[in-house]
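All residue numbers refer to positions in the sequence shown, counting from 1.
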Amino acid sequence: MPLRDGLSFVHNALVGCGLRNRLRLGASGKIVTAFGMARVMAVGADWCNAARGFMFAVGCIQAQTCRTGLCPTGVIARDPYRQRAIVVPDKAERVFSFHRNTVQALAELVVAAGPEHPGQLDLRHFLRRGAEDRVVS
């Protein structure tokens, strides 16, 4: 089941059973941007894992050869020759910048929506254009 559909289903089921305040929900899967984080939190996640963006920041090109150890960019390679492509100080700065900018963007989204904390986001904070003359939550 797609992330948002599954998360919404589980969140609503827990609310309906009166168990939502006793459990925490995490979301993971193709979350790259601050908007993606805010969106899953609004659907019902208490936290989200967002590794994909960090992999991009390191240099991953999603060649999908991780299991072979032959990563063309050296990100997940076991071969010392391929690992030389990763210049750790440069990549560390890129990852740090990505994290700082993502957290800043999330903070800006939350402030613009009105809540004091990302955990206070809900679906009423997100609208989409249903038609040229109609906006729906």
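The list of salt bridge (charged side-chain N to carboxylate O under 4.0 Å, His left out) pairs with a residue in residues 44-56, not counting sequence neighbours, reads Arg20-Asp46. Note on residues 99-116: no pairs pass salt bridge (charged side-chain N to carboxylate O under 4.0 Å, His left out), not counting sequence neighbours.
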Checklist entry - Taking it one step at a time, do Phe35 and Phe126 satisfy ring pair (Phe, Tyr, Trp, His ring centres under 6.0 Å)? => result CA-CA 10 Å; Phe35 180 79; Phe126 288 84; 5.5 Å; yes
Next on the checklist: Between Thr102 and Met37, does the side chain to side chain contact (heavy atoms under 4.5 Å, CB included) criterion hold? Intermediate values first, please.
Outcome noted: CA-CA 9 Å; Thr102 302; Met37 292 175 190; 3.5 Å; yes
Checklist entry - Can Arg82 and Cys71 be said to form a side chain to side chain contact (heavy atoms under 4.5 Å, CB included), step by step? => result CA-CA 8 Å; Arg82 290 180 188 270; Cys71 175; 5.8 Å; no
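In this structure, Glu93 contributes its side chain and Asp90 its backbone to no donor-acceptor pair below 3.5 Å. Under a 3.5 Å cut-off, the side chain of Thr33 and the backbone N or O of Gly36 do form a donor-acceptor pair. Remark: side-chain polar atoms of Arg124 are not paired, donor with acceptor, to backbone N or O of Leu121 under 3.5 angstrom. A donor-acceptor pair under 3.5 Å is absent between the side-chain atoms of Asp5 and the main chain of Met1, judged by distance alone.
Using a 4.5 Å cut-off between side-chain heavy atoms of Ile, Leu, Val, Met, Phe, Trp and Tyr, with links allowed through other members, Ile86 and Met55 fall into the same hydrophobic cluster. Under the 4.5 Å side-chain heavy-atom criterion for ILVMFWY residues, no single connected hydrophobic cluster contains both Val75 and Val32. Hydrophobic cluster membership is shared by Leu14 and Phe9, with clusters built from Ile, Leu, Val, Met, Phe, Trp and Tyr side chains linked at under 4.5 angstrom. Criterion: ILVMFWY side-chain heavy atoms under 4.5 Å apart, direct or through other members. Under it, Val40 and Trp47 are not part of a common hydrophobic cluster. Under a hydrophobic clustering in which Ile, Leu, Val, Met, Phe, Trp and Tyr are joined whenever their side-chain heavy atoms come within less than 4.5 Å, directly or via other members, Val103 and Phe96 fall into different clusters.
Here the CZ atom belonging to Arg78 is positioned 10.0 Å from the SG atom belonging to Cys66, to the nearest 0.5 angstrom. The structure places CG of Leu123 at 11.5 Å from CZ of Arg39, a figure rounded to the nearest 0.5 Å.
Nearest heavy atoms, Ala27 versus Leu7: CB-CD2, 4.2 Å. Of all non-hydrogen atoms in Ala34 and Leu106, the two that sit nearest each other are CB-N, 3.3 Å. Closest approach of Gly29 and Leu3 over heavy atoms only: O-CD2, 3.7 Å. Residues Leu109 and Ala38 come closest through the heavy atom pair CD1-CB, 4.4 Å. Here the shortest heavy-atom pairing between Cys48 and Met41 reads SG-CE, 4.1 Å. Here the closest non-hydrogen pair linking Ala50 and Ile31 is CB-O, 3.5 Å.
Using bins of under 30°, 30° to 60° and over 60° for the plane-to-plane angle, the ring pair Phe54/His99 lands in the tilted bin.
Contacts of Asp79 classified as side-chain hydrogen bond (donor to acceptor under 3.5 Å, both in side chains), with partners at least two apart in sequence or in another chain: none.
Heavy atoms from other residues, nucleotides or ligands lying under 6.0 Å from CZ of Arg94 number more than 12. For CD1 of Ile76, the number of neighbouring non-hydrogen atoms (other residues, nucleotides, ligands) closer than 6.0 Å is 12 at most.
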